[in-house]
Amino acid sequence: MTHLLHKGKQTGIICLLLFIVFPFPSEAKSPANGVFSLLNLDYPGLEKVKSLHEASRDHEAAQALLEYYQGRTGIKNANLDLEHLSISAREQKWADEALEHTFYVHDGYQPAFNYGKDINWQYWPVKDNELRWQLHRHKWFTPMGKAYRLTKNEKYAKEWAYQYMDWIKKNPLISINQEEYELTRTGKVEENIENVRFAWRPLETSHRLQDQINQFALFLESPYFTADFLTEFLVNYHRHATHIQNNYSAQGNHLLFEAQRMLYAGTFFPEFKEAVAWRKSGIDILNREIQVQVYPDGGHFELDPHYHLACINIFCKALRMADINGFRNEFPQSYIDTIENMIVFYMNVCYPDYSNPCFSDAKKGNPKDEQQNYREWHLLFPDNQQILYFATNGQSGKAPGNLSKGHLKTGFFTFRNGWQQDATVMVMKAGPKGEWHCQPDNGTFELWFNGKNLFPDSGSYVYAGGNEVMKLRNWFRQTAVHNTLTLDNKNLETTESVTRLWKPEGKVQIAVTENPGYKNLKHRRSIFFVDRKYFVIVDEAIGSATGNINLHYQLCDGKVEIDTEHLSVTTDFEGYSQVKLQCFADKGTSLKEEEGWYSTAYRQRTKRTALSFNTEKKEKETVRFITVIYPVKEKKDFPDITASFNSINQEQNTMEIEVTVNGKKQSLKYQLQPGNIN
């Protein structure tokens, strides 16, 4: 209280100093800047503010409004606990560097760029759209707030207030067509329009809308958070929320992010006249989209594990905010059940170290962060013993009762023989057409064995930008750099896989999927998980198309020996995770080494061995391959392998092959029923 009184005596002087240091935007007509027309002055607690405003004493009304917020209780922020605040070394670095206008924008661009003494918010050192978009998320602002709150050093508050006002002044919101926010316009773009496409894209606007709640709470006690600054802050915040409400993204995770953050805005600032409408719009969208974007098997329709995880957390954040502020009943039980189903889906496609496959644009993630997700999910689902198991690293709760698991609608299939680090886990992706983040990779897979991902997916590397950036993105997206089949090394024309067979139990487990990848060419992939030890993959290129059929495999980094004569590959990796891969074909096939890279984080890539088995296809003939993938702990345990087709009846949808491992014969067969099962 003494601190607040002392601050009150200084307000007049500091208001003047702040006005000199960073003048308000040119449209400001008074210190209140029209804020009172945006507020419901009949809201409980604003009686004094209303009285002063009606008496045309807006300077005093603004001061009363500041005092109201400094003493406000009852509104809770699910993302910030002021009583148990901490700052990581990483965040502290961002906060300190920001004092010199070196801004943390993106992990893929480190060390961070300096944006000049007179901040150039349009600086674009690398023509990567993400670099410029994410600059406008102001990720360093909240760390500056934490540093201020923990140290009481006013340099953080002073600089934050300056940068906040500088951004408003230099990034005015002008009207453009909604579709232009995704940079779809061609031809020359005027500079001010180009800037607003980055600074005011609804996704970035929503990011600020969410984080400014934290900054508001962290800096509110500072002398630099004056009554005049408060009115500018509230007007700017209102501008953000109104802009999002009028420009929601059409679909996908962007729409979910925006809706969740509008819920936050309407909850944290109920004093705004439109607060109820903001909150309702967010809730209505989330309740609608969770039914649209999530398949009945729990998978998200972008078919990307990273964005699947992000969407779980969007839905959970909304639910937690509703929980602690007393309106959870605005989400039906089906919404809550769907979140739980999404979590179960995610745990079943992940590896024992909590990492997920890097299918599509997915990132690998950090095991510590991923386990923290489970701890937070457990708070929402305390009775789910599987979530508790992962939240406690297996110390409590129960591992899922299943091992292998098929998600037939999403098209994610997991073969698994255990939940511990020494497990063997293959995850295959063969589903319907995905959204923007999905890649043309149907049939691809990753294989984890004894603590190592032996066949990591290529990932995405970068998203979008200039020609050089897009060249890199397109390389990682191409079908030929995935563990699947192509025609003449071209990208798949159709990604609409269907499931023909899924048998997740027994000594031989089977998945059979089909994708009409090219005109007049269907790819049928059959995977057998034999004795829960090794895999046999049968690939068939069926149809009248002609050309070269290419069967691609991408291993992890490390020493690999290639035997072109026997169409085999063996590894000499460090540690106790090795693999032998050998291909068998019913006609002449060549083994070719190709360029290989994989990326598990933005703008990070690792060189690796990639290869293809290639066979010419003529007219209506079907080209078939058998690939045996046998993981072992040590090279000395690599087996002798042979494999051949015993019988095939395409009309009857039957197949039988024989695989011999170290002299032991194994017959593998199936008969498909008419139609699809997904």
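The figures here come from the full heavy-atom set of this structure, side chains too, leaving out hydrogens, waters and symmetry mates.
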Student: Taking atom NZ of Lys471 as the centre, does the number of heavy atoms from other residues, nucleotides or ligands within less than 6.0 Å exceed 12?
Tutor: no
Student: Run Leu309 and Glu370 through side chain to side chain contact (heavy atoms under 4.5 Å, CB included) and show every step you take.
Tutor: CA-CA 9 Å; Leu309 172 62; Glu370 306 313 328; 3.1 Å; yes
Student: So how far is it from Thr570 OG1 to Glu561 CD, rounded to the nearest 0.5 Å?
Tutor: 4.5 Å
Student: Can you tell me how far the NZ atom of Lys490 sits from the OG1 atom of Thr479, to the nearest 0.5 Å?
Tutor: 11.0 Å
Student: So, the side chain of Asn356 versus the backbone of Lys363: is there a donor-acceptor pair under 3.5 Å, distance only?
Tutor: yes
Student: Are a donor atom and an acceptor atom from the side chains of Arg525 and Asn483 found within less than 3.5 Å of each other?
Tutor: no
Student: First locate atom OG of Ser577, then atom CH2 of Trp448, and finally report the distance between them rounded to the nearest 0.5 Å.
Tutor: 8.0 Å
Student: State, with a plain yes or no, whether a side-chain heavy atom of Glu496 is found less than 4.5 Å away from one of Pro432.
Tutor: yes
Student: Could you tell me whether the side chain of Asn450 reaches within less than 4.5 Å of the side chain of Lys633, counting heavy atoms only?
Tutor: yes
Student: List the atom of Pro305, the atom of Tyr346, and the distance in Å for their closest heavy-atom pair.
Tutor: O-CE1, 3.8 Å
Student: Might you work through the side chain to side chain contact (heavy atoms under 4.5 Å, CB included) test for Ile657 and Phe584, ending with a clear yes or no?
Tutor: CA-CA 11 Å; Ile657 64 173; Phe584 304 87; over 6 Å; no
Student: Has Glu621 got a side-chain atom pairing as donor or acceptor with Lys618's backbone, closer than 3.5 angstrom?
Tutor: yes
Student: What's the spacing between Thr486 OG1 and Asn491 CG if we round to 0.5 Å?
Tutor: 9.0 Å
Student: Is it true that the NZ or CZ of Lys452 lies under 6.0 Å from the centre of Phe573's six-membered ring and within 45 degrees of the ring axis?
Tutor: yes
Student: What about Trp502 and Tyr670, are their ring centers closer than 6.0 Å?
Tutor: no
Student: Backbone N or O of Tyr389 within a donor-acceptor pair of the Ser396 side chain at under 3.5 Å?
Tutor: no
Student: Give a yes or no on whether the ring-centroid distance for Phe345 and Phe412 is below 6.0 angstrom.
Tutor: yes
Student: Is the side chain of Glu302 donor-acceptor paired with the backbone N or O of Gly252 at a distance under 3.5 Å, no angle test?
Tutor: no
Student: Check for a donor-acceptor pair, side chain of Lys503 on one end and backbone N or O of Val508 on the other, with a separation under 3.5 Å.
Tutor: yes
Student: Verify the neighbour count for atom CD of Gln333: are there more than 12 heavy atoms of other residues, nucleotides or ligands below 6.0 Å?
Tutor: yes
Student: If the threshold is 4.0 Å, N to carboxylate O, is there a salt bridge linking Arg608 and Asp557?
Tutor: no
Student: Heavy-atom count around Lys409 NZ within 6.0 Å, excluding the residue itself: above 12?
Tutor: no
Student: Between Gln293 (side chain) and Gln251 (backbone), is there a donor-acceptor pair under 3.5 Å?
Tutor: no
Student: Is it true that the side chains of Asn253 and Asp304 contain a donor and an acceptor less than 3.5 Å apart?
Tutor: no
Student: So do Tyr354 and Asp369 actually touch side chain to side chain, heavy atoms under 4.5 Å?
Tutor: no
Student: Any non-hydrogen side-chain atom of Tyr518 less than 4.5 Å from a side-chain atom of Leu492?
Tutor: yes
Student: Taking atom CD as the centre, does Glu619 end up with more than 12 heavy-atom neighbours from other residues, nucleotides or ligands that are less than 6.0 angstrom away?
Tutor: no
Student: Verify the distance criterion only: is there a donor paired with an acceptor across the side chains of Ser667 and Glu656 at less than 3.5 Å?
Tutor: yes
Student: Is it the case that the side chain of Asn348 and the backbone of Val344 share a donor-acceptor pair, with hydrogens and angles ignored and the cut-off at 3.5 Å?
Tutor: yes
Student: Hey, are Asp107 and Tyr602 close enough side-chain-wise for a donor-acceptor pair under 3.5 Å?
Tutor: no
Student: So do Phe359 and Thr444 actually touch side chain to side chain, heavy atoms under 4.5 Å?
Tutor: yes
Student: Which heavy atom of Pro631 sits nearest a heavy atom of Leu454, and at what distance?
Tutor: CB-CD1, 4.2 Å
Student: Would you please test Arg500 and Asn653 for side chain to side chain contact (heavy atoms under 4.5 Å, CB included) and show each step?
Tutor: CA-CA 10 Å; Arg500 298 298 310 278; Asn653 280 319; 3.6 Å; yes
Student: Is the side chain of Gln291 donor-acceptor paired with the backbone N or O of Asn287 at a distance under 3.5 Å, no angle test?
Tutor: yes
Student: Measure the shortest side-chain to side-chain distance between Ile549 and His523 over non-hydrogen atoms and say whether it is less than 4.5 angstrom.
Tutor: no
Student: So does Leu303 get a backbone contact from the side chain of Ser360, meaning a donor-acceptor N/O pair under 3.5 Å?
Tutor: yes
Student: In terms of ring plane angle, is the pair Phe331 and Tyr335 parallel, tilted or perpendicular, where the classes change at 30° and 60°?
Tutor: tilted
Student: Starting from the C-alpha separation in whole Å, work towards a yes-or-no answer on side chain to side chain contact (heavy atoms under 4.5 Å, CB included) for Ile339 and Leu380.
Tutor: CA-CA 10 Å; Ile339 296 174; Leu380 289 174; 5.7 Å; no
Student: Using ring-ring contact (aromatic ring centres under 6.0 Å, His included) as the criterion, point out the one residue from Phe476, Trp475, Tyr598, Trp597 that pairs with Tyr461.
Tutor: Phe476
Student: Would one find more than 12 heavy atoms of other residues, nucleotides or ligands at under 6.0 Å from atom CG of Asn649?
Tutor: yes
Student: Any Lys/Arg nitrogen of Asp297 or Lys405 sitting under 4.0 Å from an Asp/Glu carboxylate oxygen of the other?
Tutor: no
Student: Assess the side chains of His306 and Asp361: does a donor N or O sit below 3.5 Å from an acceptor N or O?
Tutor: no
Student: Check whether Glu446 reaches the backbone of Cys358 with its side chain - one donor and one acceptor, N or O, closer than 3.5 Å.
Tutor: yes
Student: I need the minimum non-hydrogen distance between Glu595 and Ala610, along with the two atoms involved.
Tutor: O-CB, 3.6 Å
Student: I would like to know whether His552 and Glu594 meet side chain to side chain donor-acceptor pair (under 3.5 Å); could you show each step before the answer?
Tutor: CA-CA 9 Å; His552 304 272; Glu594 302 179 323; 3.2 Å; yes
Student: Find out whether Thr414 and Val425 are in side-chain contact, i.e. whether some heavy atom of one side chain is under 4.5 Å from a heavy atom of the other.
Tutor: yes
Student: Would you tell me whether Tyr553 and Thr627 have side-chain atoms, one donor and one acceptor, within less than 3.5 Å of each other?
Tutor: yes
Student: Is it true that the side chains of Thr622 and Glu540 contain a donor and an acceptor less than 3.5 Å apart?
Tutor: no
Student: State which residue, out of Tyr534, Phe535, Phe413, fulfils the ring-ring contact (aromatic ring centres under 6.0 Å, His included) condition with Phe529.
Tutor: Phe535
Student: Measure the shortest side-chain to side-chain distance between His482 and Asn442 over non-hydrogen atoms and say whether it is less than 4.5 angstrom.
Tutor: no
